[in-house]
Participant: 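Once you've had a glance at the structure underneath, I'll fire off some questions.
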2 protein chains.
Amino acid sequence: MCAKILADCSPFVNLFYVRVELALSPTISLGIFSDSDDHERQERRDAVANRQLILETAHDLFAQHGVAAVSMADIAGAAHVGKGTLYRRFTNKGELCLALMDEQMRMFQERMLNQMRVESAENTPYLDQLAHFLDALVYFVDIHIPLLYEAAQLAPSLESAAQRPHFWQYMTVRGLLESAARAGELRADLDIEFSAEALLAPVNAQVFRYQRQILGFSLERISAGLRTFVAGVAIAA
Amino acid sequence: MCAKILADCSPFVNLFYVRVELALSPTISLGIFSDSDDHERQERRDAVANRQLILETAHDLFAQHGVAAVSMADIAGAAHVGKGTLYRRFTNKGELCLALMDEQMRMFQERMLNQMRVESAENTPYLDQLAHFLDALVYFVDIHIPLLYEAAQLAPSLESAAQRPHFWQYMTVRGLLESAARAGELRADLDIEFSAEALLAPVNAQVFRYQRQILGFSLERISAGLRTFVAGVAIAA
DNA sequence: CACACAACCGGACTACAGTCCACTTGTATC
DNA sequence: GATACAAGTGGACTGTAGTCCGGTTGTGTG
């Protein structure tokens, strides 16, 4: 599925951005690009209430004891809900973690999208836009690292939703690199798809957490380092 | 502990290489740099036999059913050994996976060490050495990715042994970058420690597996991409 | 309003990682 | 060879993720 979306995508940042956002919206489970009223049989009212209840309960428990220390049974218990109900709403703990940051993720995407629109209008070089994006991403990831890390560890299958955060990041970076290439900002020989992955690799939850907690890198340092690597893919000035 | 070793380490590649290897040898559990006969009370003969038996059994089961599909209980059962015994030898599944590739890892280190010695003698630029190292690493990681991935997922604590493979890779890359810096091959502003991490990030088991299995990148492609990124940290020619 | 059925719910159940501890055995010492 | 005890051993036990299924309830249709 990812591959299909990827293949279909228009190279224009703004366009595919919105599309990706749509495609990955959790309320629209099927019908990838159908944009409005596919009333795919709504969730029942009690189910919606439960989802909300679970999310709030999980949020509180996570805040109180840390993500890793809270079990699914704990959440179900605290929300006075059976485990079956919990797992019907969120197929695994990683999914729940992702759902918990869904709204903020959405806002972050929105913000980045806007920023890129503005910067494009101002003719900011695409590689600068890329650096700005990565900078913002570093700070965003740092805030949500407990949830992101947990989600990454508990992803059962590789194709699964745990890759969702990574996916739009990838599409964005790739889009910016492609734009940069068209604008002649890039070294000619560059493998854009690989480069997008490589630039995002240090922001992978596992890698990022290691850099922060074991190596003690500051956010500024990581961000600056990434900026250097972005500069590395530019044509020699 | 890692931090300490790291701090103490001589910047000379060859030296710290050997030291790291020594320090991380699984048979020498304590006494980090004591180099020869600390007869730290040997394992009992039956224990040694069991370790071997377990390793062989695990190897066979993994080969037959895949790493993920084999449980610790399976291994214990097939080896006619209690779970207590199994866990006394290998504190978790990740540790067992690492032990399983210990010898080949050792040989790989040896090979790389030799190669770097030769290339240094021939005055091969350090950045070229680095590219060669990363190239070899990509192929090595690919062979052992099932074990490496499992080990990475099952690492309980960050400081734990699961970082062992990463650690010497890091020391090597960092050492090469430092040598390159001294030789004036590097951009002046470069953050060497971060760069070492960033160059290795695409070889992180999770990231690497994603690139291979979902994105379908070939080994050649990854290797070539990394080479480009190494070139990116060089001074403009 | 009554009916049907899909969606929902709770909690018992399985499978697995990892711990614990009472018991056994190898080995160093005299 | 007898003794002491550290090291090793097996398997019962705990805690957690995730599945399953019989019973319940909300909602669209006549």
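First the proteins, then the strands, lettered A, B, ... as listed; each starts at 1. Since this is a predicted model, take the numbers as computed values, not measurements. Atoms considered below: every heavy atom in the structure, side chains included; atoms not considered: hydrogens, waters and symmetry mates.
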Participant: Begin with the C-alpha distance, continue with both residues' side-chain angles, and end with the deciding distance and a verdict on side chain to side chain contact (heavy atoms under 4.5 Å, CB included) for Phe194(A) and Phe229(B).
Facilitator: CA-CA 10 Å; Phe194(A) 173 83; Phe229(B) 271 72; 4.2 Å; yes

Participant: Return the residues of residues 48-79 of chain A meeting this criterion: a heavy atom under 4.0 Å from some atom of DNA chain C. Order them by number, or give none.
Facilitator: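 Nucleic-acid contacts, sorted: Asn50(A).
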
Participant: Hey, could you give me each pair passing salt bridge (charged side-chain N to carboxylate O under 4.0 Å, His left out) that has a residue in residues 57-86 of chain B? Not counting sequence neighbours.
Facilitator: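 Output for this query is empty, none listed.
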
Participant: I want to verify a distance call: between dA7(C), dG18(C), dG18(D), whose nearest atom is closest to the Tyr87(B) side chain?
Facilitator: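 Among dA7(C), dG18(C), dG18(D), the one nearest the side chain of Tyr87(B) is dG18(C).
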
Participant: Taking donor-acceptor contacts at under 3.5 Å, does the side chain of Lys83(B) reach the base of dG18(C)?
Facilitator: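 Under the 3.5 Å cut-off, the side chain and the base do form a donor-acceptor pair.
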
Participant: Go through the structure and list residues passing side chain to side chain contact (heavy atoms under 4.5 Å, CB included) with Ala49(A), not counting sequence neighbours.
Facilitator: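 With sequence neighbours excluded, Ala49(A) shows a side chain to side chain contact (heavy atoms under 4.5 Å, CB included) to no residue whatsoever.
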
Participant: From CD of Glu150(B) over to C1' of dA17(C), roughly how many Å is that when rounded to an integer?
Facilitator: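 It works out to 12 Å between those atoms.
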
Participant: Just how far, in rounded Å, is C1' of dG18(D) from CD of Glu95(A)?
Facilitator: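 From Glu95(A) CD to dG18(D) C1': 14 Å.
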
Participant: Give the rounded distance in Å between these two atoms: CZ of Phe90(B) and P of dT19(C).
Facilitator: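 Going from Phe90(B) (CZ) to dT19(C) (P), I get 15 Å.
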
Participant: Any donor-acceptor pair under 3.5 Å linking the side chain of Glu197(B) with the backbone of Pro202(A)?
Facilitator: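 Checking the backbone N and O of Pro202(A) against the side chain of Glu197(B), no donor-acceptor pair under 3.5 Å is found.
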
Participant: Looking at Thr85(A), I'd like to know whether one of its side-chain N or O atoms comes within less than 4.0 Å of OP1 or OP2 on dG10(C).
Facilitator: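 Checking dG10(C) against Thr85(A), a side-chain N or O does come within under 4.0 Å of OP1 or OP2.
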
Participant: With the side chain of Arg89(A) defined as its heavy atoms from C-beta on, choose the nearest nucleotide among dG18(C), dA7(D), dC8(C).
Facilitator: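 Output: dC8(C).
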
Participant: If you apply the rule side-chain hydrogen bond (donor to acceptor under 3.5 Å, both in side chains), what do you find for Glu220(A) with Tyr139(A), and how did you get there?
Facilitator: CA-CA 9 Å; Glu220(A) 293 72 27; Tyr139(A) 284 83; 3.3 Å; yes

Participant: For the pair made of CG in Leu154(B) and P in dT16(D), what is the distance, rounded to whole Å?
Facilitator: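 Result: 17 Å.
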
Participant: Check whether Phe108(B) forms a cation-pi arrangement with Arg111(B) (NZ or CZ under 6.0 Å from the six-membered ring centre, at most 45° off the ring normal).
Facilitator: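 That pair does not qualify as a cation-pi contact.
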
Participant: Output the rounded distance in Å from CZ (Arg88(B)) to P (dG11(D)).
Facilitator: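 One finds 16 Å between P of dG11(D) and CZ of Arg88(B), rounded.
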
Participant: In whole Å, I'd like the distance from the CG atom of Leu86(A) to the C1' atom of dC8(C).
Facilitator: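 That distance rounds to 14 Å.
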
